Amino acid sequence: MAILINRPDDMVRITTPELANAYIEEQIASIKEQVGDKKVLLALSGGVDSSVCAALLIKAIGDQLVCVHVNHGLLRKGEPEEVIRVFREELGANLIYVDAVDRFLDKLAGVDDPEEKRHIIGGEFIEVFAEEARKLDGIEFLGQGTIWPDILESEAGIKAHHNAGGLPEDLQFELVEPVRILYKDEVRVVGKELGLPDSMVYRQPFPGPGLGVRCPGAITRDRLEAVRESDAILREEFAKNGLEGKVWQYFTVVPDFKSTGITDGKRTFAWPCIIRAINTVDVVEVTVEHLPAELIDHLVQRITTEVPGINRVLFDYTPKPPATVEYE
Ligand code: XMP
């Protein structure tokens, strides 16, 4: 069941704190009217849309909102901790944290087909979320961070409108979608006014299957850790060098092959780490951000010395097309 509210044709683009606050007040009233004294369940990934949706719901109904954060082991370094800190400690959310790392990684062990990996991650996510939902009493609503481009894209047949949909038959809730009529840039302005940190509001796009698609082939815990650690170094260096917020998306990939190297006079046989940094408007066509040579040298030095299992750093100079952004 959904309350199908569409973006009014004459709606002014939310670009200022005043417009954001007016939107927040309007939504609080409408959430209160829809939900009354009932409970709402929300899958909180830590992404921009679900975070802003959660912050709005907390403001409107406080602990009638139950957030579930599933750690599938494929999140970036520090992300689960940040979700807990911001939502539980700062915003006082009623937050259930589910450590499902072993469960996901065990299911993914030995699976090298990209589509099968995505299928397992998506399916397992719904299962974990459904298990948590069944443990709770009196939930009547499901909060979703659906945004306006999701609706437009699903109407145009570009992508199915997924989000927390696909729940089993016994778990059918009425939807609450407080950011449904907003464009992404408006979601960010609203999030900022709700007091969310910049690291959440201006977060880069991050695929649902997370680091899983940046650990091509069958995921192993050690190679996944190499992706996570090298990604953290890349983000830290981009922030230090003024590239954060300037480059559209950047990340590392650790492919499943090894090459010979040398450290302290001894032979090594380890993985390469590939750096990808891209700019785009619509992600249909993508150009490569060319990094300063000194920064590349510094990244090579840090990644090869600080990340276990890496003895070589490569840079991906391929635009889209012919390559896609992600490797799987
Ligand atoms: P591709 O690899 O298709 O990526 O050129 C385009 C953009 O989409 C992101 N991406 C995903 N986002 N779920 C998501 O929510 C996914 O499965 C997924 N796959 C790719 C990718 O990070 C890039 O920004």
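No experiment lies behind these values; they were computed from the predicted model shown. Computed over heavy atoms, backbone and side chain alike; hydrogens, waters and symmetry mates excluded. Read the numbers this way: they start at 1 and go in the same order the structure lists the ligands and their atoms.
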Side chain, backbone, both or neither: Trp248 near ligand 1, heavy atoms under 4.0 Å: side chain
Before accepting this row, confirm whether a basic side-chain N of the pair Glu289/Lys246 lies closer than 4.0 Å to the acidic partner's carboxylate O. yes
So, is Val325 polar-close to ligand 1, with some N/O to N/O distance under 3.5 Å? yes
Apply the test side chain to side chain donor-acceptor pair (under 3.5 Å) to residues Asp231 and Tyr250: give CA-CA distance (whole Å), side-chain angles for both, the deciding distance (0.1 Å), then the verdict. CA-CA 9 Å; Asp231 174 77; Tyr250 44 95; over 6 Å; no
Quick one: does ligand 1 sit under 4.0 Å from the side chain of Val283, the backbone, both or neither, non-hydrogen atoms only? side chain
Option nearest atom 21 (C) of ligand 1 (shortest heavy-atom distance, choices Glu326, Arg214, Gln204): Glu326
With hydrophobic residues grouped by side-chain heavy-atom distances under 4.5 Å, do Ile5 and Val179 end up in a single group? yes
Test salt bridge (Lys or Arg N to Asp or Glu O under 4.0 Å) applied to Glu225 and Arg221, Arg223, Arg228, the passing residue: Arg228
Would you mind running through ligand 1 and noting each atom that sits below 4.0 Å from a heavy atom of Thr324? 1 (P), 2 (O), 5 (O)
Can you tell me if Arg118 contacts ligand 1 (heavy atom of the residue under 4.0 Å from the ligand)? yes
Do the charged groups of Arg76 and Glu82 touch, with an N to O distance under 4.0 Å? no
What atoms in ligand 1 come closer than 4.0 Å to a heavy atom of Gly208? 13 (N), 14 (C), 15 (O), 16 (C)
Testing the basics here: between Leu175 and Gln34, what is the closest heavy-atom pair and its distance to 0.1 Å? O-NE2, 2.9 Å
Which one of Gln249, Arg276, Glu328 has a non-hydrogen atom at the shortest distance from atom 23 (C) of ligand 1? Gln249
What atoms of ligand 1 come within less than 4.0 Å of a heavy atom belonging to Lys320? 1 (P), 3 (O), 5 (O)
For Val189 and Thr16, the nearest pair of non-hydrogen atoms, with its separation, is CG1-O, 3.9 Å
